[in-house]
Novice: 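For reference, the structure I am asking about is given below.
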Amino acid sequence: MTDHANYELSTDEQLMTIFRTPGNAQQQRAFEALYQRHKGPLFRFIKKSINNEQDAKEVFQELWFKIINNKHQYDHNKKFTTWVYTIARRLMIDQFRKTGRMAELTRLDSSTETAVIDPNIKQPENEFEAKQIAKELNHSISLLPPNQRQTFVLKQESGLSIKEIAQITSQPHEQIKSQYRYAVQKIKMALERFK
Amino acid sequence: MNHTDEDKILNDLYQQANQEQPPKALDDVILQHAEQSLSNEGQQVSTHTAKNWRPWLAAASVVMVLPLIWLLTQNQELTSDLGQIQTIEPKPRPSIGPKLKSESVADDAGVESDTMEMEAFKPNENTAVNRAISSPPVSEAVSANNDLSAIIEQEVQHSITGRPIDHESLQANKELLLGELKAKKRTIKPSTMDPLMALEYEQFGRYLEQGKIEAADQLLTEMQDNWPEFDFEDMIYRLATAEINDQ
């Protein structure tokens, strides 16, 4: 079995252990495997949460630099994704502060109090419809309140549970659950016309 | 259609609609940073390894400096010895008292005057002249001797660094070092014992076997007196054990 195949089978935590072990000849390869695995989800999470491509690129780069520079602070008993998405979220908050968008981030989701009808959604019937749905889906995500948007994207991209997202965002479990539920309802409403 | 199915459809839709990756330029920058970081870390590891040698180097320095300190403690004796050597020439020892000094000077003066008398009969004028030049008058010799003894005394009071020597401290250090040297006694082994000691050692063992504790104790005391350079701890322990067993 080749190294590449080995890395594909390795868990994030195993790869991180190799990467943070000084003198290990496979450090760079382990990092590359980790990067290939998580670069897409992290980039999309940051980009969708910030809603600004240039800022997203800066935060994404800073995030990976932090992972590289602070690899020894990683606790291998914890999930890599929990660690890395926590850092990402902190960096995004910093970015919001820098760009004066903190008010936007901390704004309460007024819509969370509103009862939303739960419409049905269906699979696209053809490629054209799939593209239309994808466009509408991403547009509806961008219109979500920041907290709901972040929770929804984090759930989709990281594969973390609601409980883990609550840990990362330092918010109560129930609150995160509500945010996610409302986000899903709003997206479904936006996609209602494709029924 | 239940919620779980709908969530799954939504997930699938999301995944299909979102395949965006970071730009290649960003990938390159990040991977290069990782490589650079690991390379720097490797250098730090080697520096750290060098740092690990520091305590050993410090210990080695101490080991090398200790004999020097010991030599310095001998400085007083060396200087005294030097004083003695200088006294062989017409120079008095710095430790000699005023009375002895004057006697010595008087003796020297006597020798000098005798030499002068003897040389008066010698036909070689050059020799006489040389002696006259090399031998100062008695008063000058006394003065020179006094100056020299003062210099020597001054030298004795100062270390090679020019600082005054603390003789009490020197003495204490010397005793400490001698004590340490004495403390390193030889272990009693067949290869280190002389034949008589070996015989007594065997006898000691026999006394213990026979339960003759007092005889063994007496023999041990004699052995300690006769061979003080040996470490009798093992024999003392054997004796104590035998005593306990005997009781």
Side-chain angles (χ1 to χ4, degrees), chain A residues 19-20 22-25 27-28 30-32 34-36 39-48 53 56-58 60-65 67-69 71-72 118-124 130-131 133-139 141 152-153 155-157 159 180-181 183-184 187-188 191 194, chain B residues 1-69 184:
Chain A
F19 176 52
R20 67 203 285 267
N24 190 323
Q27 279 179 288
Q28 180 69 15
F31 176 77
E32 282 171 12
L34 263 179
Y35 182 71
Q36 288 303 327
K39 67 173 184 174
L42 277 167
F43 184 71
R44 291 190 294 270
F45 165 62
I46 293 166
K47 193 180 166 188
K48 284 185 186 301
E53 185 156 359
K57 283 178 186 171
E58 279 180 30
F60 179 76
Q61 182 178 314
E62 203 179 338
L63 166 66
W64 283 99
F65 278 18
I67 294 169
I68 294 162
N69 298 338
K71 58 181 177 293
H72 296 296
D118 199 357
N120 293 330
I121 52 168
K122 66 175 185 69
Q123 288 282 7
K131 280 184 182 174
I133 290 174
K135 197 177 170 186
E136 188 58 39
L137 175 69
N138 283 333
H139 181 64
I141 291 169
F152 178 77
V153 177
K155 178 92 173 63
Q156 294 297 326
E157 294 292 355
Y180 182 72
R181 192 158 54 87
V184 168
I187 292 165
K188 281 180 183 176
L191 300 177
F194 294 101
Chain B
M1 193 182 285
N2 62 30
H3 280 283
T4 317
D5 291 340
E6 279 192 349
D7 281 350
K8 193 177 177 308
I9 293 169
L10 189 60
N11 288 347
D12 291 344
L13 285 173
Y14 179 89
Q15 296 303 330
Q16 285 166 19
N18 292 282
Q19 298 291 326
E20 192 182 4
Q21 295 288 326
K24 176 83 172 56
L26 260 180
D27 291 350
D28 293 342
V29 168
I30 290 162
L31 292 174
Q32 200 178 351
H33 181 76
E35 202 171 349
Q36 185 65 41
S37 167
L38 293 175
S39 159
N40 291 343
E41 199 177 60
Q43 285 170 1
Q44 281 173 358
V45 166
S46 58
T47 315
H48 186 68
T49 315
K51 277 180 188 170
N52 286 342
W53 281 97
R54 285 182 187 172
W56 295 104
L57 289 172
S61 307
V62 169
V63 168
M64 290 179 77
V65 164
L66 273 175
L68 281 174
I69 293 169
K184 289 177 183 171

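Scope of the values below: all heavy atoms of this structure, side chains included, with no hydrogens, waters or symmetry mates. Quick note on labels: first sequence line is chain A, next is B, and so on, each numbered from 1.
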Novice: Contact between A:L191 and B:L13 at the side-chain level, heavy atoms closer than 4.5 Å - yes or no?
Specialist: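 A side-chain contact exists here, since the closest heavy-atom pair is under 4.5 Å.
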Novice: Taking every non-hydrogen pair under 4.5 Å, which of B:N11, B:L38, B:D12 racks up the most with chain A?
Specialist: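 Of the candidates given, the most pairs with chain A belong to B:L38.
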Novice: What distance do B:E35 atom CD and A:Q27 atom CD have between them, rounded to the nearest 0.5 Å?
Specialist: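 With rounding to 0.5 Å, CD (B:E35) is 11.5 Å from CD (A:Q27).
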Novice: Would a distance-only check, ignoring hydrogens and angles, find a side-chain to backbone donor-acceptor pair under 3.5 Å from B:Q15 to A:Q156?
Specialist: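 Answer holds: yes.
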Novice: Would you mind telling me which of A:K155, A:K131, A:E53, A:K47 has the largest number of heavy-atom pairs within less than 4.5 Å of chain B?
Specialist: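 Ranked by heavy-atom pairs under 4.5 Å with chain B, first place is A:K47.
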Novice: Which bit of A:K135 is near chain B, if near means a heavy-atom gap under 4.5 Å: side chain, backbone, both or neither?
Specialist: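 It is neither, since no heavy atom gets under 4.5 Å.
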Novice: Take A:W64 and B:L31, measure what side-chain contact (heavy atoms from CB on, under 4.5 Å) needs, and give me the verdict at the end.
Specialist: CA-CA 9 Å; A:W64 283 99; B:L31 292 174; over 6 Å; no
Novice: Please give me the minimum heavy-atom distance between B:E20 and A:R44, naming the atom from each residue.
Specialist: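 Between these two residues, the closest heavy atoms are O-NH1, 2.8 Å.
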Novice: Over 60° means perpendicular and under 30° means parallel, so tell me whether B:Y14 and A:F152 are parallel, tilted or perpendicular.
Specialist: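 If you compare the ring of B:Y14 with that of A:F152, the planes turn out perpendicular.
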Novice: Need one label for A:F65: side chain, backbone, both or neither, based on atoms under 4.5 Å from any heavy atom in chain B.
Specialist: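 The answer is both parts of A:F65.
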Novice: Which region of B:D27, side chain (C-beta onward) or backbone (N, CA, C, O), has a non-hydrogen atom less than 4.5 Å from a non-hydrogen atom of chain A, or is it both or neither?
Specialist: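 Contact with chain A is through both the backbone and side chain of B:D27.
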Novice: Which of the residues A:K39, A:K48, A:E157 is involved in the greatest number of heavy-atom pairs with chain B at under 4.5 angstrom?
Specialist: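 Most pairs with chain B among the choices: A:K39.
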Novice: For A:K71 versus B:S37, what's the shortest heavy-atom pair and its separation?
Specialist: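 For A:K71 and B:S37, the tightest heavy-atom pair comes out as NZ-OG, 3.9 Å.
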Novice: For a quick test of reading the model, state the closest non-hydrogen atom pair linking A:K57 to B:P23 and the distance between them.
Specialist: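 That closest heavy-atom pairing would be CE-CG, 3.5 Å.
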Novice: On a heavy-atom basis, which atom in A:I68 and which in B:I30 lie closest, and how many Å separate them?
Specialist: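 Nearest pair, atom of A:I68 first, then B:I30: CD1-O, 3.7 Å.
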Novice: Give the member of A:V153, A:L137, A:L42 that has the highest number of heavy-atom pairs under 4.5 Å with chain B.
Specialist: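 Most heavy-atom pairs under 4.5 Å with chain B: A:L137.
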Novice: Is it the backbone or the side chain of A:I67 that comes under 4.5 Å from a heavy atom of chain B, or both, or neither?
Specialist: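 Neither part.
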